[in-house]
Undergrad: 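My structure is below; once you've seen it, I'll send some questions.
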Amino acid sequence: MNQIESQLKDLIIKAAASAFAYQLTDDEIVIEIPKEKQYGDYSTNVAMRLTKALHEKPQAIAAKLVEELVKYSDTISSASIAGPGFINFVLNGDTLTDVLRTILASPDTYGQTNSGKGLKINLEYVSANPTGDLHPGHARGAAMGDSVARLMKFAGYDVTSEYYVNDAGNQINNMALSLQARYFQICGLEAKIPEDGYNGPDLIAIAQRFYDLHGTAYRDVVSEESLPIFRAYGLAAEITKLKEDLALFRVEYDVWSSEQSIYDRHMVEKSVKKLQELDMTYEAEGAVWLKTTLFGDDKDRVIIRSNGLYTYLTPDIAYHVDKFERGFTKLVDFLGADHHGYINRLKAAIQALGYDKDALEIDIIQMARMIKDGEEFKMSKRTGKAVALKDLIEEAGVDAVRYYFASRAADTHMDFDLDMATKQSNENPVYYAQYAHARVCSILKSGQGYALASSFEQLVHPKEIDLLKYLNEFPVVVSDAAVSRQPHKICNYIQKLAQLFHSFYADCKVLDDGNAELTAQRLALVTAVKITLKNALWLIGVSAPERM
RNA sequence: GUCUACGUAGCUCAGCUGGAUAGAGCAUGCGCCUUCUAAGCGCACGGUCGAGGGUUCGAGUCCCCCCGUGGACGCCA
């Protein structure tokens, strides 16, 4: 909630109380900036929303509210009725410029709110298997997840970001076998990558490092005996590489969780046992099934196969229990759309264990189709046919890639044109926003001799008013983006703020030798723009360059 | 076939719990640098919001049904 909106809401609540003896709440009032400037600085549709409760026509309600509202002339310079019953406000200058004092007083925290109320949240994203390089398809999840983590921290949540490493399943054996085969090949032996193995170039590099370390020491050892060595070595190498690539992408996790450690701590047996005690399981066809249909799943799911092994679901259930036991009140998972069918069974399992249905929220991130030479480029870790995230970053730059992925809502099917991305063209709007920041920096550098103003009565140009209003919006946008976990709202904000600044720049000269006071006031304004842009860019992991 | 998302300008996408004449970038066309960065500004062009019904003061937004696209439908992970 920004200062202006909460002020206006308070006034509307008071006005409704004295005009109708009706007690409004904050949630019932929507304040917005009208698209058309002729409708004033801010507007509300509250009169229309009250028609049912008050049994009067919206215009009549609006008229009575306005009668009350105009009394608060220290905030509102005018209030009027328009169209079907909107109330439009024009504000006093002071009301608008207060935001500059706020921003300049604590630059690093502008935009922070307490919307999250310290709620302890766990946010899991990417969690790709440690069996190959991250590719651009993972980049969307990484960009989304990291941005949402930053957003939630900014909005007052106590959020922990987490990567679940599947280091215990079948796929790790296949990775180890593939690595071993690569090693044998380097040793000059005939060796084939197993059918379910991994053909990626990363394993060749890891095998080479292994060879450099051990030479032919494992060349003549029986495969079964050396496999655990390759397994451990490969796993460590893959995980290190994951961390490095993500760090390169400016993605840092608070916690890396290991599936193996879930097993080692007997979390899996405990969870299964508890499910059995709660009578949530049954045996059939030699397997143990979980009654997920009790909680809306299409069919019951196997948790212990007839060969005695667990399915993927089982340790994952235990892992989520582990998260709850670490004290999180809410778990959020970001999954790719290809895991969509997994949502119901996992949520069902959580409920079977007695947790609240809403304690686990799973957001689906639609897949990004990779386009190369105008055609879809199918990628697969198994065949090794893929572009590594690392290569993409090197060619296109972290800023462009992160902005691109952050700027689209998670539920849109998007195309990622590899050719365009690597061209580093101006088609990516990130440069527009960064340029605005660089321009402000340039002004500030040239205007070093001036002090910033502390009163702002001369900021009355329409372009200045637009900027002031929009600066006021930032905390609302952050809060909204955090609660809805939609970082693209920050991108929209950045784009608009940059546009307002560029437009202001064209019309208003900041450094004016003939008017020191106006210069000082405008310097304060552009400093506030710089701070806000920088904070907004930080939220989506994009740098704010001083010059371009 | 079933489930689940999506379909908005030539292209990529916004559109805040239903609100005023549906927006932006790119592309296209025309203007603007002796003045703080032209990676910029201004103007123009561009739409049956996939089709059809319904709900109400009001629907791109909610409901139903078609059409199209992606994804998922394992005792794989």
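All chains are named by letter (A, B, ...) in the order of the sequence lines, taking the proteins before the strands, and each is independently numbered beginning at 1.
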Undergrad: Which residues satisfy the side chain to side chain donor-acceptor pair (under 3.5 Å) test with A:Lys489, sequence neighbours excluded?
TA: A:Asp480, A:Gln486
Undergrad: Of all the nucleotides listed (B:A14, B:C16, B:C41), which has the minimum atom distance to the side chain of A:Lys489?
TA: B:C16
Undergrad: I'd like to compare against my own output: the B/S/- annotation of nucleotides 56-64 of chain B with a strict under-4.0 Å heavy-atom distance to protein.
TA: ---------
Undergrad: Polar pairs (N or O, both sides) under 3.5 Å between protein and nucleotides 73-75 of chain B?
TA:
| unit_1 | atom_1 | unit_2 | atom_2 | d |
| --- | --- | --- | --- | --- |
| B:C75 | O2 | A:Ser306 | N | 2.8 |
| B:C75 | O2 | A:Ser306 | OG | 2.8 |
| B:C75 | N3 | A:Ser306 | OG | 3.2 |
| B:C75 | N4 | A:Glu285 | O | 2.6 |

Undergrad: Determine: side-chain N/O of A:Arg522 to OP1/OP2 of B:C36, distance under 4.0 Å, yes or no.
TA: no
Undergrad: Show the atom names and distances, to 0.1 Å, of all donor-acceptor pairs under 3.5 Å that link a side chain in residues 524-532 of chain A to residues at least two apart or in another chain.
TA:
| unit_1 | atom_1 | unit_2 | atom_2 | d |
| --- | --- | --- | --- | --- |
| A:Thr527 | OG1 | A:Leu523 | O | 2.6 |
| A:Thr532 | OG1 | A:Ala528 | O | 2.8 |

Undergrad: Test of understanding: with ring-ring contact (aromatic ring centres under 6.0 Å, His included), list the residues that count as partners of A:Tyr164, not counting sequence neighbours.
TA: A:Tyr319
Undergrad: Short of 4.0 Å, heavy atom to strand atom, which residues of residues 498-507 of chain A count as contacting RNA chain B?
TA: A:His502, A:Ser503, A:Tyr505, A:Ala506
Undergrad: With sequence neighbours excluded, tell me which residues meet side chain to side chain donor-acceptor pair (under 3.5 Å) with A:Glu546.
TA: none
Undergrad: Which residues pass the side chain to side chain contact (heavy atoms under 4.5 Å, CB included) test with A:Ala62, sequence neighbours left out?
TA: A:Ala47, A:Ile81, A:Ile87
Undergrad: Can you tell which of B:A39, B:C36, B:A77 lies closest to the side chain of A:Tyr431?
TA: B:A39
Undergrad: Anything under 30° is parallel, anything over 60° is perpendicular, the rest tilted; go ahead and classify A:Tyr493 against A:Tyr470.
TA: parallel
Undergrad: Evaluate A:Tyr450 against A:Glu517 for side-chain hydrogen bond (donor to acceptor under 3.5 Å, both in side chains), listing each step before the verdict.
TA: CA-CA 9 Å; A:Tyr450 293 87; A:Glu517 181 54 29; over 6 Å; no
Undergrad: Just jot down the ring-ring contact (aromatic ring centres under 6.0 Å, His included) partners of A:Tyr125, sequence neighbours excluded, or say none.
TA: A:Tyr253
Undergrad: Tell me every residue that passes side chain to side chain donor-acceptor pair (under 3.5 Å) with A:Lys534, counting only those two or more places apart in sequence or in another chain.
TA: none
Undergrad: Quick one: list whatever passes side chain to side chain donor-acceptor pair (under 3.5 Å) with A:Ser78, sequence neighbours left out.
TA: none
Undergrad: Do the side-chain N or O atoms of A:His413 get closer than 4.0 angstrom to the phosphate oxygens (OP1, OP2) of B:C13?
TA: no
Undergrad: Looking at the side chain of A:Tyr312, which of B:A20, B:A77, B:U12 is the nearest nucleotide?
TA: B:A77
Undergrad: Reading RNA chain B 5' to 3', what string of ( ), [ ], | and . shows its pairs, if Watson-Crick and G-U wobble pairs count only when both distances fall under 3.5 Å?
TA: (((((((..((((.....[...)))).(((((.......))))).....(.(((..]....))).))))))))....
Undergrad: So, is A:Tyr404 close to the B:G25 phosphate, meaning a side-chain N or O under 4.0 Å from OP1 or OP2?
TA: no
